[in-house]
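For reference, the structure discussed in these notes is given below.
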Amino acid sequence: QVQLVESGGGLVQAGGSLRLSCTASDGTFSIYGMGWFRQAPGKEREFVAAIYYPGGILDYADSVKGRFIISRDNAKNTVYLQMNSLKPEDTAVYYCADRRTRSLSRDRRGYDYWGQGTQVTVSS
């Protein structure tokens, strides 16, 4: 069983930055890729960003493109989501997810394992 843990959430002013981290409990991720999703109160869980290791491909939702960066630190086996120029509409619980298929996906149904989420709140 893969256990993922997110961290780095908190309260930040609009225009500020946060960096979220995701680690696996056993120190190993999928060989294919990871994604970040978010869910605001009363809203469906939505795609934020993904990284596909075999192709070296990054993917971003239009709402965060140019502001957020997904990356991986191989030495630490950690996936990050750097969030810059944060807006109040970015407020949500952010989840990392592990995908076991050889392609990118923006669909939550395409991911096999999930973390517990970390709260990000952006004040106006």
Side-chain angles (χ1 to χ4, degrees):
Q1 177 68 40
V2 176
Q3 299 289 337
L4 305 179
V5 180
E6 304 95 337
S7 62
L11 176 64
V12 65
Q13 294 179 334
S17 298
L18 286 173
R19 188 180 71 168
L20 306 183
S21 300
C22 178
T23 60
S25 60
D26 65 356
T28 59
F29 287 131
S30 167
I31 64 172
Y32 302 129
M34 300 288 292
W36 285 96
F37 290 75
R38 66 187 183 187
Q39 187 166 19
K43 304 293 185 179
E44 295 183 345
R45 191 169 300 187
E46 66 176 0
F47 170 79
V48 176
I51 182 168
Y52 179 60
Y53 307 138
I57 300 171
L58 308 179
D59 189 29
Y60 298 95
D62 289 342
S63 60
V64 307
K65 192 172 298 181
R67 299 189 297 121
F68 291 11
I69 302 170
I70 186 171
S71 63
R72 183 179 71 172
D73 185 327
N74 292 327
K76 297 181 179 180
N77 200 24
T78 301
V79 174
Y80 300 99
L81 184 68
Q82 178 66 46
M83 305 186 295
N84 301 314
S85 301
L86 283 162
K87 305 174 181 179
E89 51 262 43
D90 295 318
T91 295
V93 176
Y94 284 71
Y95 301 87
C96 68
D98 179 311
R99 178 167 167 80
R100 301 299 176 93
T101 302
R102 292 183 176 89
S103 65
L104 284 168
S105 179
R106 295 186 172 191
D107 190 334
R108 65 183 185 274
R109 295 171 295 180
Y111 291 80
D112 300 283
Y113 302 100
W114 295 82
Q116 84 291 344
T118 185
Q119 177 71 47
V120 172
T121 302
V122 184
S123 61
S124 60

All side chain to side chain donor-acceptor pair (under 3.5 Å) counterparts of [X], not counting sequence neighbours:
{"X": "Ser103", "result": "Arg99"}
{"X": "Thr78", "result": "none"}
{"X": "Glu46", "result": "Arg38"}
{"X": "Arg72", "result": "Asn74"}

For [X] versus [Y], what's the shortest heavy-atom pair and its separation?
{"X": "Ser105", "Y": "Ala50", "answer": "O-CB, 4.3 Å"}
{"X": "Pro88", "Y": "Ala14", "answer": "CD-CB, 4.2 Å"}
{"X": "Leu104", "Y": "Ile51", "answer": "CD2-C, 4.3 Å"}

With disulfide bond (SG atoms under 2.5 Å apart) as the rule and sequence neighbours excluded, what pairs involving [range] come up?
{"range": "residues 27-73", "result": "none"}
{"range": "residues 94-124", "result": "Cys22-Cys96"}
{"range": "residues 37-82", "result": "none"}
{"range": "residues 48-89", "result": "none"}

Measuring from [X]:[atom1] to [Y]:[atom2], what's the distance to the nearest 0.5 Å?
{"X": "Ser124", "Y": "Lys87", "atom1": "OG", "atom2": "NZ", "value": "14.0 Å"}
{"X": "Arg45", "Y": "Arg109", "atom1": "CZ", "atom2": "CZ", "value": "13.5 Å"}
{"X": "Asn84", "Y": "Ile69", "atom1": "CG", "atom2": "CD1", "value": "6.0 Å"}
{"X": "Ser71", "Y": "Met34", "atom1": "OG", "atom2": "CE", "value": "12.0 Å"}
{"X": "Ile70", "Y": "Gln82", "atom1": "CD1", "atom2": "CD", "value": "12.5 Å"}
{"X": "Asp112", "Y": "Leu4", "atom1": "CG", "atom2": "CG", "value": "10.5 Å"}

Would you check if [X] and [Y] make a side-chain contact, meaning some heavy-atom pair closer than 4.5 Å?
{"X": "Tyr95", "Y": "Gln39", "answer": "yes"}
{"X": "Leu20", "Y": "Glu6", "answer": "no"}
{"X": "Tyr32", "Y": "Thr101", "answer": "no"}
{"X": "Gln119", "Y": "Thr91", "answer": "yes"}

**OP:** Using the ring pair (Phe, Tyr, Trp, His ring centres under 6.0 Å) rule, collect all pairs that involve residues 34-63, keeping only residues at least two apart or in two chains.
**Re:**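 Pairs touching residues 34-63 that pass the test: Phe37-Phe47, Phe37-Tyr111, Phe37-Trp114.
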I'd like to know if [Y] and [X] are part of one continuous hydrophobic network [Ile/Leu/Val/Met/Phe/Trp/Tyr, side-chain heavy atoms within less than 4.5 Å].
{"X": "Leu81", "Y": "Val12", "answer": "yes"}
{"X": "Val5", "Y": "Tyr113", "answer": "no"}
{"X": "Tyr80", "Y": "Leu18", "answer": "no"}

Subject >> Which residues share a salt bridge (Lys or Arg N to Asp or Glu O under 4.0 Å) with Arg67, sequence neighbours left out >> reply: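 Salt bridge (Lys or Arg N to Asp or Glu O under 4.0 Å) check on Arg67 returns Asp90.
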**OP:** Could I get the full list of salt bridge (Lys or Arg N to Asp or Glu O under 4.0 Å) partners for Arg100, not counting sequence neighbours?
**Re:**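 With sequence neighbours excluded, Arg100 shows a salt bridge (Lys or Arg N to Asp or Glu O under 4.0 Å) to Asp98, given in chain and number order.
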Subject >> Co-members of the apolar cluster containing Leu11 [side chain, <4.5 Å] >> reply: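 None, because no other hydrophobic side chain comes under 4.5 Å of this residue.
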